[in-house]
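Report on the structure given below.
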Amino acid sequence: MASQPPPQAVSTNPAAHQAAVLQPQQPPLGPQQQQQQQQQQDFDPVHRFKMLIPQLKESLQSVMSVASQNFAHNTSIDNGPLFILRKSNDGTVQRFDKSLEEFYALCDQLELCLRLAHECLSQSIDSAKHSPNLVPTATKPDTVQTESLSYSQYLSMIKSQISCAKDIHNALLECSKKIAGKTQQAIL
């Protein structure tokens with residue numbers, strides 16, 4: 001009898017399988033590059049959202065199967081003969097509560113990911129609106145665009161933004177002092 005090589009472990013995680021299928025084959029990264037890539041993916045709300053969807057599907061399946069078991073159990077109790085001792089099955093109810101809590105927790109995480117992604121998008125749009133032209137950097141001189149700002153133009157734009165922020169800050173301080181003065185006069 002010839003010995004067979006040991007079978008390779010197969011991942012049952014659908015998220016890992018989907019990620020492996022969707023990503024093209026890349027050369028192996030060093031440990032530091034892998035760690036940086038993992039950290040970047042952890043902070044990306046869209047990537048986090050995509051990773052939570054399979055977990056949400058599994059959680060929903062769990063909720064439905066536990067609810068089905070509870071319905072079947074309650075139906076058998078309701079339709080059973082009267083002389084059968086009716087036992088309460090609190091373990092199933094607790095499992096249903098637990099699975100429902102897990103489902104809602106995943107829904108909350110997905111909501112936070114979507115809100116964060118929306119906030120990132122709106123900040124990006126605002127950034128493009130208020131500073132549409134890039135400043136060329138010394139490290140990438142080949143990426144200079146014809147519409148890019150010179151450094152002196154960039155500095156003047158930043159100075160005007162700082163001056164506007166100071167004006168708003170001073171106006172808010174003046175308004176708060178007026179309100180505080182009026183409330184003190186009303187107390188006297």
Side-chain angles (χ1 to χ4, degrees), residues 1-132 134 137 139-140 143 161 165 168:
M1 211 189 252
S3 67
Q4 296 177 347
Q8 293 182 347
V10 177
S11 174
T12 58
N13 184 353
H17 176 69
Q18 184 179 10
V21 170
L22 294 178
Q23 293 180 350
Q25 294 295 332
Q26 297 176 354
L29 301 174
Q32 185 178 8
Q33 289 174 336
Q34 287 177 347
Q35 185 180 13
Q36 288 175 350
Q37 186 178 17
Q38 182 65 31
Q39 287 176 348
Q40 183 181 9
Q41 289 176 349
D42 288 344
F43 293 121
D44 182 20
V46 175
H47 177 72
R48 177 105 172 108
F49 177 83
K50 288 178 181 179
M51 295 302 290
L52 286 174
I53 291 294
Q55 293 177 12
L56 184 71
K57 287 179 181 178
E58 290 175 15
S59 178
L60 182 60
Q61 288 175 347
S62 172
V63 167
M64 292 300 168
S65 68
V66 170
S68 172
Q69 291 171 1
N70 282 346
F71 281 132
H73 176 74
N74 290 340
T75 302
S76 68
I77 289 174
D78 290 343
N79 293 337
L82 293 177
F83 60 88
I84 294 180
L85 187 64
R86 294 184 179 184
K87 295 181 181 178
S88 65
N89 193 358
D90 293 334
T92 334
V93 175
Q94 290 174 353
R95 281 186 38 219
F96 177 74
D97 292 345
K98 182 180 177 183
S99 62
L100 193 60
E101 276 186 42
E102 179 184 327
F103 176 76
Y104 281 139
L106 287 169
C107 286
D108 291 342
Q109 288 179 19
L110 286 171
E111 180 183 8
L112 289 174
C113 287
L114 289 176
R115 285 185 185 200
L116 181 59
H118 183 266
E119 185 65 28
C120 289
L121 178 65
S122 64
Q123 284 183 1
S124 175
I125 290 171
D126 288 343
S127 176
K129 178 181 173 185
H130 297 295
S131 179
L134 300 175
T137 59
T139 58
K140 297 180 183 178
T143 60
Q161 289 177 348
I168 292 171

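Atom NZ of residue Lys57 and atom CG of residue Leu60 lie 10.5 Å apart, to the nearest 0.5 angstrom. Here the OG atom belonging to Ser62 is positioned 9.5 Å from the NZ atom belonging to Lys98, to the nearest 0.5 angstrom. Atoms SG and CG, from Cys107 and Leu112 in turn, are 11.5 Å apart once rounded to the nearest 0.5 Å. Between Leu56 atom CG and Met51 atom CE the span is 14.0 Å, to the nearest 0.5 Å. Taking NZ of Lys50 as the reference point, atom CG of Asp44 lies at 8.0 Å (rounded to 0.5 Å). Rounding to the nearest 0.5 Å gives a distance of 13.5 Å between CD of Glu58 and OG of Ser99.
Judged as a side-chain contact (heavy atoms from CB on, under 4.5 Å), and not counting sequence neighbours, the contacts of Leu100 are Val63, Phe96, Tyr104. Every residue two or more places apart in sequence or in another chain that forms a side-chain contact (heavy atoms from CB on, under 4.5 Å) with Gln109 is listed here: Arg48, Leu52, Leu106. Taking the side-chain contact (heavy atoms from CB on, under 4.5 Å) definition, one finds that Glu119 meets it with Ser122, Gln123, sequence neighbours left out. Residues passing the salt bridge (charged side-chain N to carboxylate O under 4.0 Å, His left out) test with Glu111, sequence neighbours excluded: Arg115. Residues that satisfy the side-chain contact (heavy atoms from CB on, under 4.5 Å) test with Leu116, not counting sequence neighbours, are Pro45, Cys120.
Checked by atom type and distance alone, the side chain of Ser59 never pairs as donor or acceptor with a backbone atom of Gln55 at under 3.5 Å. In this structure a side-chain-to-backbone donor-acceptor pair under 3.5 Å is present from Thr75 to Phe71.
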